[in-house]
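Report on the structure given below.
Indexing begins at 1, ligand by ligand and atom by atom, following the structure's order. Note that these values count all heavy atoms, side chains included, but never hydrogens, waters or copies made by symmetry. Everything numeric in this text was worked out from a predicted model, so none of it was measured.
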Amino acid sequence: MRGSWRVTAAAVAVAVTMAGCGSSSGSGDALTLYNAQHEDLIKAMVEGFTKETGIKVNLRSGKDFELANQIVQEGDASPADVFVTENSPAMSLVDSKGRFTKVDDATLAQVPSQYSPSSGNWVGFAARSTVFAYNSKQLTGDQLPKSIMDIQDPRWEGKIGVAAAGADFQAIVSAVLETTGEDATKQWLAALKKNAKIYPGNIAVMKAVNSGEIQAGVIYHYYWYKDRAESGANSKDTELKFFADSDPGAFLSVSGAGVVKASKKQAEAQKLVKYLTSRNGQQILSDSKALEYSIAKDATPNSKLKPLSELKPPAIDVAKLNGPKVVELMQQAGLI
Ligand SMILES: [Fe+2]
């Protein structure tokens, strides 16, 4: 066993090409991974994969829907072997266009079934909890909304923030749509248009909450935990409320991985997806500074996080989260 472990430094190196660079990197046998997750995290996981298998991986990074649409447009000519996202709606989009191969059963079996679609055409490998980040000098616990639906109250006008254009927040809206229906979602979005300040990203929302520019914002948990693990400069005057009781605001967003149908390296691509959900791959996720939740059956999430077992997310079929519909409703509401 040990002898076969020798891996050259070159084999471990991960080549990175920038998003938007359309040319194939001429990397021979390397896999091409279209990556919409945070690049630091995926680089670390892919390095672990290369170490274990000797298979090199080229990363092309971009945003969830940018890369999902690219895979669909490229069709059979897509150079992508594997696709990973931050949020599941972009996976569902690619799946709905028939651009994935079914994930191997052994890989699907590594992850609890609620994190993958019943089609088995992609698999969840990380989870992120919706949180309500609030300024702890301006708000006390009893002033916080009980449900994410309550931020439509006029009391929040001009006092809350969201990163409306990002796939992260749009996944949260998809959960609101799936759990409350179209009419309630339209009403909620119209109220958000009045109440919410729009920021370019989750970190910008958190900074604005911390500085007191706004009282609270809707983000994912790891932005706050990462800041606290570093200097705390953008979070020291903020605390997190986790919504409870299956509230849509307790939504757990699933990051997915799938094998692209156009891939000419199906076996190697399946190996990469298997690795991302394996004990070793998940350990890298747990130990990383990403502070997202590892979710495989034998994974232990980072102990700094509120335990996954204490979260009370709504039971949502990941395959039902509808990205294009959310974009349409948010556009109608004037939020994007
Ligand atoms: Fe993110």
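A salt bridge is defined here as a Lys NZ or Arg NE, NH1 or NH2 lying under 4.0 Å from an Asp or Glu carboxylate O, and D168 with R128 meets this definition.
With values rounded to the nearest 0.5 angstrom, N202 atom CG is found 10.0 Å from F169 atom CZ.
Ring geometry for Y220 against Y222 counts as parallel: the plane angle stays under 30°, on a 0 to 90° scale with 60° as the upper cut.
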Side-chain donor-acceptor pairs of residues 310-327 under 3.5 Å, sequence neighbours excluded:
unit_1, atom_1, unit_2, atom_2, d
D317, OD1, A319, N, 2.9
N322, OD1, K325, N, 3.1
K325, NZ, E182, OE2, 3.4

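With waters neither drawn nor counted, the protein N/O/S atoms under 2.8 Å from the Fe ion (ligand 1) amount to 5.
Every residue meeting the side chain to side chain contact (heavy atoms under 4.5 Å, CB included) condition with A290, not counting sequence neighbours, appears here in chain and number order: L41, S288, E292. For the side chain to side chain contact (heavy atoms under 4.5 Å, CB included) test, residues two or more places apart in sequence or in another chain that qualify with D95 are F100, S119, N121, W122.
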